[in-house]
Amino acid sequence: MKYLKKYLYSQKVAPYIFVLPFVLSFLIFWVYPLISGITMSFQDIGFSKREWVGIENYAKLLRDKTFKLAISNSIEYMAWTIALLIPFPMIFAVMMDSRLTKAKGVWKAIMYIPALTSVVISGMLFRMMFSEADGSQMNKLMVWLGQQPIPWLKSKATSWLGLILLCCWRWTGVNMLYFLSGLKAIDSTLYEAADVDGCTAIQKFRHITLPLLQPTTIYVVTISVFAGLSMFLESFMLWGNNDSPKNIGLTIVGYLYKRGIQKNDMGYACAVGVVLLVIALLINFAQLIATGTIKIGKRKEE
Amino acid sequence: MKKLVSLLLALCMLLSLGVASAEIADVEPLTVAGPDDATAKWDMWSFVDAHNEFYAQMVDKWNAENPDRTIQITFTTYPYADMHQKMLMSLQTGKGAPDMCDIEIGQFPNFIPADEEIPLYPMNDALVGYEDMVKARLDVYSGADGNRYGIPFHVGASVMYWNAEIFEKYNLDYKSVKTWEDYTELGRKLRDASNGEVYLTSVDTAGVDWMWIAMSSYGEDWTGGLDGEVNVQLDSVKKMLEMQQQWLEEGIAMISTDGHVDLEAGFANVSSGKIASFPKAMWYMSRFINYMPEMKGKYDIGLIPTFEAGQKCSVGIGGTGTVVTNQASEPELAAEWLVWAKCGAEGQKYIWDVLGFDVCNAAYWSDPAFAENEENIYNTFFRVKPYLVLQQLDELDAIGTIYSTANSPTINDYFCTTVLNNILEDGMDVDEALQDAADYIEFEID
């Protein structure tokens with residue numbers, strides 16, 4: 001007891017004890033799977049066999065058309081989400097922050113509620129809305145507009161409309177809250193000074209809001225890159241399983257799932273996972289360096 | 001005041017705890033059949049609740065007959081994909097697998113890899129004495145080592161389901177249809193008579209039944225059988241797809257809503273009379289009972305047309321192979337019970353009367369007491385007694401077999417996602433689409 005007390009009160013040991021739970025979970029649930037994932041990507045794994053095959057999995061990946069399709073789908077999805085889920089939530093946040101908006105609480109709640117629903121349930125709802133049956137909402141709408149019902153989820157353009165709508169519906173509110181908290185941090189005297197100088201609302205947005213929101217924007221872009229590249233459940237639920245017609249909804253993680261879980265080829269699936277990690281890191285580093293969050297070779301100046 | 005609030009909060013927490021534990025106590029126990037002091041206790045998984053109900057009945061019957069070696073089984077029903085993935089994982093890691101499990105035929109090849117140790121218990125010995133079982137149905141669940149690993153429920157013979165009421169309404173004769181040419185002609189007549197409102201059939205973009213039927217007619221098999229080469233560029237497949245393209249062009253057929261008819265949307269098309277006929281395995285009869293009871297007396301069952309006279313007009317489609325895993329306790333007894341339950345007389349009767357399957361023990365097909373029993377719901381639901389059709393197929397030796405091999409999941413996967421959509425939805429040239437499929441499959445198998 002005495003020893004324990006001594007350790008707990010010691011300034012050297014106590015911090016380690018406090019970070020221990022995090023370090024342990026980091027080691028067990030992150031570092032260990034990462035290392036074993038990388039090792040497994042060089043193996044051929046079956047029920048009883050586990051053989052080293054060198055870079056064979058990666059060599060096959062290079063020739064794998066389906067994998068290339070999955071990568072392009074994932075990157076395209078990421079691009080769409082960034083293109084739509086940065087500007088619109090930012091505009092909504094500015095509107096929420098404005099004194100002219102009435103009933104802000106209601107608007108915020110309406111925007112945020114979708115984020116509280118589960119992806120599984122919202123995906124199923126969207127699947128029914130976009131069903132090719134004559135009675136689905138979207139086809140009712142088409143008939144109302146004087147068009148023929150169409151099989152929404154069988155072609156890329158129409159099904160991606162659903163996929164991106166689902167994503168925007170879910171995440172607009174969340175991103176808006178990020179921007180809103182960023183806006184709160186901007187000193188209101190800047191706006192007052194701008195008012196005195198006779199700035200228009202657009203000038204204020206362009207020269208005060210946008211630059212000072214940059215840290216928030218960088219953060220939101222970073223998590224959107226990860227979220228976009230690792231998207232799986234939305235596509236899985238929208239098509240009801242991992243098999244979309246002509247693989248129009250197949251993502252990198254979907255392909256990993258298909259190989260590892262559905263086809264029981266863990267080695268190949270791990271190679272897919274490693275490639276996903278590399279792509280995500282490359283994009284994120286490029287973006288963080290470009291925006292100046294990470295500075296290379298400038299340390300001395302500071 | 002603060003004290004009061006915190007007291008209330010604490011009370012709330014306590015109460016909710018009480019509610020939670022009460023809920024836990026209320027949870028229904030897993031389905032367990034058999035006494036607690038049984039000789040053997042097993043776990044069993046399935047992806048169909050009705051299968052587990054059947055097994056539970058067979059446990060009780062077994063215990064009545066074998067008081068000296070009673071059994072107890074705990075049943076769990078999982079969703080289809082979940083269960084197969086859990087099975088793969090638990091067999092791979094060597095832990096957590098049930099003693100027995102249902103495995104769907106399309107997934108079966110994943111469990112019997114050709115080049116490594118199979119994690120299942122061979123049932124050759126248990127099957128001795130059940131020689132009347134249709135051999136082809138046992139073959140599809142056999143490993144490359146020649147051992148039998150799965151026990152089937154049904155033959156799954158494919159037949160043509162005809163909405164007789166529609167054809168009567170338009171005064172058309174469907175009974176004389178023998179070849180696909182006749183069928184196409186009937187489709188044209190139906191289209192004209194109904195002003196294009198009723199389609200003769202619906203073609204599938206997410207199912208390969210039609211391809212199997214065509215292959216069976218020509219005696220081909222795209223998996224190449226147990227030791228052949230995969231080849232999807234078959235004449236039979238090409239003929240079927242070109243014919244279907246023509247049907248779509250002429251407005252004779254529609255594309256199955258959501259990909260095939262064994263789905264909610266498919267049931268809607270069948271029961272609303274949007275399509276007038278479709279080929280499907282005999283187990284589809286239970287879909288009528290469960291989802292379309294209002295169709296009683298309207299549907300007829302007959303033989304599927306062929307391209308040329310004398311060809312096989314049916315093929316065994318779908319199925320469930322029940323396995324004993326290598327993690328089972330007392331696997332010998334488990335195999336004995338399983339074979340007794342699924343292949344024995346009482347089991348066969350239940351399988352036909354309740355599940356509505358075409359049983360694998362061919363000796364029963366022509367037994368009137370078994371096959372033509374008026375109390376059987378299926379015998380009164382349709383315009384024909386289903387086993388009479390089965391007898392006809394048997395006499396003609398018309399039920400072909402397409403194998404499920406290690407390459408089957410790859411072929412099915414690509415056809416159901418890409419090839420059939422390319423050809424039927426987008427009208428791609430059949431040769432071109434099949435060439436693309438061949439290239440893809442070659443890469444995958446490599």
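Every chain is numbered from 1, with letters handed out A, B, ... down the list of sequences.
Side chains of Glu425(B) and Pro245(A) form no contact here, defined as non-hydrogen atoms less than 4.5 Å apart. The shortest side-chain heavy-atom distance between Asn264(A) and Leu88(B) falls under the 4.5 Å cut-off. Lys65(A) is not listed as a side-chain neighbour of Tyr440(B), based on a closest heavy-atom distance of 4.5 Å or more. At a threshold of 4.5 Å between non-hydrogen side-chain atoms, the residues Asn110(B) and Gln262(A) do not count as touching.
The two residues Glu444(B) and Tyr255(A) make their nearest non-hydrogen contact at OE2-OH, 4.3 Å.
Atom-to-atom distance recorded for Tyr414(B):OH and Asn247(A):CG is 8.0 Å, nearest 0.5 angstrom. To the nearest 0.5 angstrom, Glu51(A) atom CD is 8.5 Å from Glu116(B) atom CD.
Of the two parts of Asp426(B), only the side chain, counted from C-beta on, holds a non-hydrogen atom closer than 4.5 Å to a non-hydrogen atom of chain A. For Pro119(B), the part sitting under 4.5 Å from any heavy atom of chain A is the side chain, from C-beta outward, and nothing else. The contact between Lys274(B) and chain A is made entirely by side chain atoms (from C-beta outward), counting heavy-atom distances below 4.5 Å. For Thr93(B), no part lies under 4.5 angstrom from a heavy atom of chain A.
Between chain A and the options Gln85(B), Met89(B), Gln92(B), heavy-atom pairs under 4.5 Å are most frequent for Gln92(B).
Side-chain atoms of Glu132(A) come within 3.5 Å of backbone N or O of Asp258(B) as a donor-acceptor pair.
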